[in-house]
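These notes are about the structure you will find just below.
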Protein chains: 2
Amino acid sequence: MSKKQLIMETALDLFAKQGFEATSVQQITDRCGISKGAFYLSFKSKDELILALIDYFMMQVTSDIDYIVRVTKDEELLYQFYFSIYQTFHNHSQFAKVILKEPSLTLNKELILKLNYYDKLIGNTILMMIERLYGEAVKETKYDLLYSIKGFMSAYSQLFIYYNIPIDLNMLVESLVEKTNLLAKHTTVPFVSKEMNDIFQFKQPMNEEMKEQILEMIENKLEEMEESIEKESLVLLKGQLLEPTLSRAVVRGLLENIRNQPHCKWIAYLLRQYFE
Amino acid sequence: MSKKQLIMETALDLFAKQGFEATSVQQITDRCGISKGAFYLSFKSKDELILALIDYFMMQVTSDIDYIVRVTKDEELLYQFYFSIYQTFHNHSQFAKVILKEPSLTLNKELILKLNYYDKLIGNTILMMIERLYGEAVKETKYDLLYSIKGFMSAYSQLFIYYNIPIDLNMLVESLVEKTNLLAKHTTVPFVSKEMNDIFQFKQPMNEEMKEQILEMIENKLEEMEESIEKESLVLLKGQLLEPTLSRAVVRGLLENIRNQPHCKWIAYLLRQYFE
DNA sequence: TTGACAAATGACTAATCAGTCATTATTATA
DNA sequence: TATAATAATGACTGATTAGTCATTTGTCAA
């Protein structure tokens with residue numbers, strides 16, 4: 001494990017237990033068995049550490065959910081969606097604690113923006129799922145459905161983030177699927193309008209700047225990769241980004257190729273957004 | 001306004017903006033136009049201040065909701081319930097920010113216990129409402145309904161706590177009433193069981209110790225009250241607490257008498273719990 | 001073995017902040 | 001008005017902590 005990763009995992013544990021502000025850099029480095037100075041070789045500041053933590057986990061979560069929504073067939077989608085959400089909460093419960101408990105951290109505007117940004121991305125994915133599953137039927141109420149789903153996620157997550165109760169995940173998910181379907185099929189009174197939702201999630205359309213960012217990420221990634229199918233795929237995708245020549249099917253296949261390369265999930269997610 | 005109150009309101013603003021840890025006592029006292037020493041005449045420590053803030057607001061909220069649930073007739077109950085919740089969020093949005101953003105505050109176990117305590121009380125009130133409205137029909141699913149309602153509360157509260165969007169409160173409430181009724185009437189797959197819920201909300205039955213506490217509060221209150229119907233009512237209620245002689249109807253009336261006396265809401269709430 | 005480079009150290013600095021207390025100001029009382 | 005009692009002050013203390021940097025340790029290639 002790299003030093004950076006060691007610091008991140010150690011810090012995560014401590015933040016989950018004590019909170020961000022109450023955890024000193026000294027405490028982190030003591031626990032890691034390294035010196036304080038070594039910490040500053042990996043991170044420019046303590047703030048940079050928490051931002052890195054958020055990126056590290058939220059990228060995973062966001063791209064996982066997006067992938068599920070895109071590849072799962074309709075009949076199983078809602079089930080798989082909730083299943084993946086709660087599995088993630090379970091696998092990364094330490095991180096979930098930090099996020100759910102500490103959206104304050106008012107010191108840092110950047111942090112709030114970051115959390116907002118990922119919340120927006122996940123919201124868009126959920127909306128996409130709602131539209132696919134229920135179509136025109138929920139035209140008026142889809143934003144309410146989005147908020148209801150978010151409500152279910154937060155209310156039920158508390159149940160097993162703080163306590164280690166053995167959970168029948170299948171039962172939980174079945175229960176939420178039923179509730180979601182009920183609301184989708186019978187709700188008639190809308191409250192959240194498109195405009196209201198947009199105030200929070202004003203769309204950031206993919207633009208040239210974004211393209212540059214993706215390109216840069218790909219190039220960094222390519223440098224550290226060894227020759228392989230994955231690398232070849234990424235090279236082709238880079239070409240497609242610069243000048244679109246490949247068919248949609250080929251692109252889809254190439255994305256599938258790189259998806260399971262560690263750290264490539266996020267690039268795959270961004271490219272998927274860009275190409276559509 | 002008393003000095004204590006001035007400090008509490010000033011601190012609330014600052015905590016809502018900057019968070020608890022990031023706000024220094026100096027900052028609070030500067031804003032109040034008093035010295036740092038004066039702060040410590042009103043509060044033993046900074047921690048005591050946040051605990052006092054939580055008590056001050058949560059007592060109001062808890063007793064308000066409980067009152068609504070007890071006096072509103074079934075047909076309007078759900079509407080009035082949500083209406084009161086969101087009105088409270090709106091009126092005390094600064095406080096809501098502190099609470100919703102800062103359930104961490106990991107320094108202080110006492111604080112977490114306190115928040116848990118009020119959450120439990122409110123949960124019990126909501127459960128009482130659910131049982132009254134839907135009865136046996138939701139025997140299996142009432143705890144899920146409780147979590148769904150909590151989910152709605154938190155998801156929708158975000159909408160207008162952080163942004164000052166003009167809100168059609170009536171529409172919001174209608175929309176949540178419909179959702180709640182839908183879930184209550186059609187949910188068949190339960191997930192949260194009584195036992196699971198009890199792990200969080202293990203009942204603290206009213207006991208002798210509680211009785212002593214209420215008595216002490218009443219006596220403190222009586223000292224600062226002037227002769228009035230309210231004082232007379234409170235004296236009678238104190239008698240009833242020591243030795244029950246009055247009829248239920250009389251007790252109910254007396255409680256109604258003191259309910260609107262400032263600061264008596266909480267005593268009324270506790271007495272209501274005790275007498276039933 | 002030597003020397004050059006990089007990695008790691010931890011004592012130190014400067015800043016912050018909760019809480020104290022000797023002193024001063026204000027108010028109530030006689 | 002004089003005296004006592006109470007309220008308020010703010011400089012100070014001690015503790016903590018983010019971040020720095022001169023020094024040491026480790027690692028190679030020559």
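Order of the sequence lines fixes the chain letters, A, B, ..., with proteins taken first and strands second; residue numbering starts at 1 for each chain.
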Quickly work out the A:K46 NZ to D:dT17 C1' distance and round it to whole Å.
-> 8 Å
Shorter than 3.5 Å, N or O on both sides, protein versus nucleotides 5-8 of chain C: list them out with atom names.
from  : atom 1 : to   : atom 2 : distance (Å)
C:dA8 : OP1    : A:K3 : NZ     : 2.8

In whole angstrom, give the distance that lies between atom CZ of A:F20 and atom C1' of D:dA18.
-> 11 Å
Just call it for A:T23: base, sugar-phosphate, or nothing, with non-hydrogen atoms closer than 4.0 Å on any strand.
-> sugar-phosphate
Can you sort out the partners of A:D30 under salt bridge (charged side-chain N to carboxylate O under 4.0 Å, His left out), two or more places apart, ordered by chain and number?
-> none
Rounded to whole Å, the CD1-C1' distance (A:I28 to D:dA18) equals 11 Å
Quick one: does A:T62's side chain have a donor or acceptor within less than 3.5 Å of a partner on A:M58's backbone?
-> yes
With sugar-phosphate taken as primed atoms, P, OP1 and OP2 and all else as base, the protein-contact string of nucleotides 22-28 of chain D at under 4.0 Å (heavy atoms; B, S, -) is -------
Would you indicate what B:T29 reaches in the nucleic acid, counting non-hydrogen atoms under 4.0 angstrom: base, sugar-phosphate, or nothing?
-> nothing
A:Y86 and A:I167, any side-chain heavy atoms less than 4.5 Å apart | no
Could you tell me whether A:K46 sits above the aromatic face of A:F20, with NZ or CZ closer than 6.0 angstrom to the six-membered ring centre and within 45 degrees of the axis?
-> yes
Determine whether B:L6 and B:T10 make a side-chain contact, defined as any pair of heavy atoms from C-beta on separated by less than 4.5 Å.
-> yes
May I have the distance from B:F39 (atom CZ) to C:dC21 (atom C1'), rounded to whole angstrom?
-> 17 Å
Residue closer to the 5' end of DNA chain D, A:Q27 versus A:K44 (nearest nucleotide) | A:Q27
Starting from C1' on D:dT16, measure out to CD on B:E21 and report it in whole angstrom.
-> 13 Å
Distances for protein N/O vs nucleotides 12-15 of chain D N/O pairs under 3.5 angstrom?
none

Pair A:E9, A:Q94: side-chain N/O donor-acceptor within cut-off below 3.5 Å | no
Would you say the side chains of B:Y67 and B:E256 form a donor-acceptor pair under 3.5 Å?
-> yes
Protein-nucleotide distance (B:L49, atom CG; C:dC17, atom P), rounded to Å | 16 Å
Who are the ring pair (Phe, Tyr, Trp, His ring centres under 6.0 Å) partners of A:Y56, not counting sequence neighbours?
-> none
Would you work out how much the helix from C:dT1-D:dA30 to C:dA30-D:dT1 bends between its ends, with each end axis defined by five base pairs, to 10 degrees?
-> 10°
Quick one: A:F43 CZ to D:dA18 C1', roughly how many Å, whole number?
-> 16 Å
B:Y147 ring centre to B:K150 NZ or CZ under 6.0 Å, with the angle to the axis within 45°?
-> yes
Salt-bridge criterion met for B:R31 and B:D13 (N-O under 4.0 Å) = no
Short side-chain donor-acceptor distance under 3.5 Å, B:Y269 and B:D64 = no
Within the side chain of A:S93, is there an N or O that forms a donor-acceptor pair under 3.5 Å with the backbone of A:F89?
-> no
